[in-house]
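The residues of the chain are indexed from 1 along the displayed sequence. It should be emphasised that the depicted structure is a prediction, and the values quoted were computed from it without experimental measurement.
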Amino acid sequence: MRSNFLPVLTVVGVLFALWYAAAVWLNADWTYDKATRSGETVTATSLVADTWAQKKPKLPAPHQVASEIWDTTLMKKVTSKRSLVYHSWITLSATLLGFGMGTLLGVLLAVGIVFNRVMDMSVMPWVIASQTIPILAIAPMIIVVLNAVGVSGLLPKAMISMYLSFFPVVVGMVKGLRSPDQMQLDQMRTWHASTAQSFWKLRLPASMPYFFTSLKIAMAASLVGAIIGELPTGAVAGLGARLLAGSYYGQTIQIWSALIMAAALAALLVGIIGLIQRVTLKRMGMAR
């Protein structure tokens, strides 16, 4: 762990340095424009100070984003509509529901594809083709159709999350369920194992490393789907709503704080899955 700490810290430091430099470069035009109108001379020190403190910068500095996150998480009640915790919970609820539905659908499709030749030849190509359609094109249609039949709120966003999250689960589970080699399958036959016994005692345990890897991708995709699902509805709550409001009013600091919060939320969820993976595989004797 110590050997990994210094390289990670170095990369993070370089990224922050580049971020600060980019903030000066992108926000400099506004500083020079103000100085020209007021007849002032811009020095290097004043340029840096102003570009790192603008109220509506093109690119906010890291400390501005950190201050916004601090103010909207720890300094606001979690029930306040200005709290990032509140908006994160709204997005998280749709994420988890869509993730659950997508995981269930993906596992069922994978089992059918592995054990049914017709599904393998017909369903799998459609599963792959479904991901070639941009989600930004599909999301408004899903929202409009479901609203037309009286379904609104959490479920439409969860459906979009499910659409994005089921695909990696299908692909990962198909690969995992087919991972036992022919010798292992023949061994099960010599024990006169049924198809169900081979599935539960050989194929399913062998698929667990693939399953957890696909879950990590599916969780991140589900979060993206929940955020996208909030955009066409003009939602007033959720991280997508924060992004939309920030875009309307030019609040780039608000946009970046919501983006950082979404990234942190995704990292937390993926980390939880990784922890469950390590515990599960260790108990199964498959620790990595």
More than 12 heavy atoms of other residues, nucleotides or ligands under 6.0 Å from [atom1] of [X]: is that the case?
X	atom1	result
Arg37	CZ	yes
Lys201	NZ	no
Met219	CE	yes
Lys76	NZ	yes
Trp89	CH2	no

Using the ring-ring contact (aromatic ring centres under 6.0 Å, His included) criterion, which residues pair with Tyr86? Sequence neighbours excluded. none

Using side chain to side chain contact (heavy atoms under 4.5 Å, CB included), reason through Leu215 and Phe99 one step at a time and then give a plain yes or no. CA-CA 9 Å; Leu215 285 186; Phe99 173 74; 3.7 Å; yes

Within the distance-only criterion (no hydrogens, no angle test), does the side chain of [X] pair as donor or acceptor with the backbone N or O of [Y] below 3.5 angstrom?
X	Y	result
Ser247	Leu243	no
Thr280	Gln277	no
Asp33	Asp29	no
Gln131	Ile128	no
Ser83	Thr79	no

Following the transitive rule for hydrophobic clusters with a side-chain heavy-atom cut-off under 4.5 Å over Ile, Leu, Val, Met, Phe, Trp and Tyr, establish whether [X] and [Y] coincide in one cluster.
X	Y	value
Leu204	Leu185	no
Leu202	Val114	no
Val111	Val118	no
Leu108	Val169	no
Leu97	Leu92	yes

Note, [X] side chain near [Y] side chain (heavy atom, < 4.5 Å):
X	Y	result
Pro57	Leu26	no
Thr190	Gln187	yes
Val174	Val170	yes
Leu59	Trp256	yes
Phe115	Asp120	no
Pro62	Tyr20	yes
Lys34	Asp50	yes
Thr252	Lys58	no

Tyr163 and Ile133: side chain to side chain contact (heavy atoms under 4.5 Å, CB included), yes or no, with the steps? CA-CA 11 Å; Tyr163 178 82; Ile133 306 173; 4.2 Å; yes

Working to the nearest 0.5 angstrom, can you tell me the gap between [X] [atom1] and [Y] [atom2]?
X	Y	atom1	atom2	result
Leu96	Leu223	CG	CG	9.5 Å
Leu244	Tyr249	CG	OH	9.5 Å
Ile273	Leu268	CD1	CG	10.0 Å
Ser222	Ile160	OG	CD1	11.0 Å
Trp191	Ser198	CH2	OG	10.0 Å
Leu104	Phe166	CG	CZ	12.5 Å

On the 0 to 90° scale, with breaks at 30° and 60°, tag the Phe16-Trp19 ring pair as parallel, tilted or perpendicular. parallel

I'd like to know if the side chain of Thr31 pairs up with that of Gln54 as donor and acceptor (distance under 3.5 Å, no hydrogens or angles considered). yes

Distance only, no hydrogens: is a donor on one side chain within 3.5 Å (strictly under) of an acceptor on the other, for Gln64 and Ser67? no

Could you report the tightest heavy-atom contact between [X] and [Y], atom names first, then the distance?
X	Y	answer
Thr51	Val48	OG1-O, 3.1 Å
Gly102	Ser165	CA-OG, 3.6 Å
Met261	Ser88	CG-OG, 3.3 Å
Val171	Met124	CG2-CE, 4.3 Å
Ala110	Met173	CB-CB, 3.4 Å
Ala258	Arg242	CB-CB, 4.0 Å

The test is side chain to side chain contact (heavy atoms under 4.5 Å, CB included); show your working for Asp181 and Gln184 and say whether it passes. CA-CA 6 Å; Asp181 56 38; Gln184 292 172 316; 3.2 Å; yes

Residue pairs passing the side chain to side chain donor-acceptor pair (under 3.5 Å) test with at least one member in residues 90-110, sequence neighbours excluded, are Thr91-Glu230

